[in-house]
Amino acid sequence: MPAQRHGVLAIIGSGETSPTMVTVHKRLAERLPGSRRCVLLETPYLFQTNASGVSAKATAYFARSVDLSVTAVPGTGSGAGSDADVAAIRAADWVFAGPGSPSYALRHWRGAPVGHALRDRIRAATG
């Protein structure tokens with residue numbers, strides 16, 4: 001009988017891309033399958049004027065410090081996410097949302113395709 005795969009939902013209060021979090025992220029990354037499809041959801045900080053800079057810094061952090069190639073997707077906007085965003089989330093082995101405002105992100109995800117994709121992704125990894 002094959003081993004059952006269990007997902008992880010890691011909730012980090014702040015400092016999610018600080019140097020002290022590298023070990024945590026590496027341990028989480030060790031659990032990923034070989035495909036390592038990784039998505040950075042920009043929604044929590046997309047309202048900020050420096051959102052593209054935050055994405056660039058986060059993707060560079062994960063590439064340099066954790067050896068993860070991360071694709072940034074907005075996860076918000078018209079209908080709270082494009083079909084491509086939803087497909088990327090559903091296919092992802094790892095989804096990172098943050099830094100930024102969790103309440104802003106939840107307002108955009110609640111009842112929207114991205115929110116449903118996140119819920120389905122978590123359920124699929126635990127079943």
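Phe47 and Val54 are assigned to two separate hydrophobic clusters, defined by single-linkage of ILVMFWY side chains at heavy-atom distances under 4.5 Å.
If you take CG on Leu41 and CD1 on Ile89, they are separated by 4.5 Å, rounding to the nearest 0.5 Å. Taken from CG in Leu46 to OG in Ser55, the straight-line distance is 7.5 Å, to the nearest 0.5 Å. A distance of 10.0 Å separates NZ of Lys26 from CG of Leu68, quoted to the nearest 0.5 Å. Note: Lys57 NZ to Ser52 OG = 12.0 Å, rounded to the nearest 0.5 Å. Of the inter-residue distances, the one linking Arg90 atom CZ with His116 atom NE2 reads 9.0 Å to the nearest 0.5 angstrom. Going from atom CZ of Arg123 over to atom CG of Leu118 covers 12.0 Å, rounded to the nearest 0.5 Å.
Residues Gly100 and Gln48 approach most closely at CA-OE1, 4.4 Å, considering heavy atoms. Between Val22 and Ser65, the shortest heavy-atom distance links the atoms CG1-O, 3.4 Å. Closest non-hydrogen pair, Ala92 versus Arg121, comes out as O-NE, 2.5 Å. The two residues Pro44 and Tyr104 have their closest heavy-atom pair at O-CD2, 4.3 Å.
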Determine, stepwise, if the pair Arg37 / Asp93 fulfils salt bridge (charged side-chain N to carboxylate O under 4.0 Å, His left out). CA-CA 5 Å; Arg37 295 170 302 222; Asp93 300 307; 3.1 Å; yes
Walk me through whether Met21 and Tyr61 qualify under side chain to side chain contact (heavy atoms under 4.5 Å, CB included). CA-CA 11 Å; Met21 291 302 296; Tyr61 168 87; 3.8 Å; yes
Can Val70 and Val39 be said to form a side chain to side chain contact (heavy atoms under 4.5 Å, CB included), step by step? CA-CA 5 Å; Val70 178; Val39 171; 6.0 Å; no
Is there a side chain to side chain contact (heavy atoms under 4.5 Å, CB included) between Ser101 and Tyr45? Walk through the geometry before answering. CA-CA 6 Å; Ser101 169; Tyr45 59 88; over 6 Å; no
Please evaluate residues Val95 and Ile122 with respect to the criterion side chain to side chain contact (heavy atoms under 4.5 Å, CB included), reporting the C-alpha separation (whole Å), side-chain torsions for both, the decisive distance (0.1 Å), and the verdict. CA-CA 10 Å; Val95 178; Ile122 291 168; over 6 Å; no
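You'll find the ring centres of Phe62 and Trp94 inside the 6.0 Å limit.
Side-chain contact between His108 and Val114 is absent, with no heavy-atom pair separated by less than 4.5 Å. Looking at Cys38 and Phe96, their side chains never come closer than 4.5 Å, going by heavy atoms from C-beta outward.
With a 6.0 Å radius and a threshold of 12 heavy atoms from other residues, nucleotides or ligands, Arg27 has its CZ atom at or below the threshold.
With sequence neighbours excluded, the residues satisfying side-chain contact (heavy atoms from CB on, under 4.5 Å) with Arg110 are Leu106.
Remark: the backbone N or O of Pro74 is paired with a side-chain donor or acceptor of Thr43 at under 3.5 angstrom.
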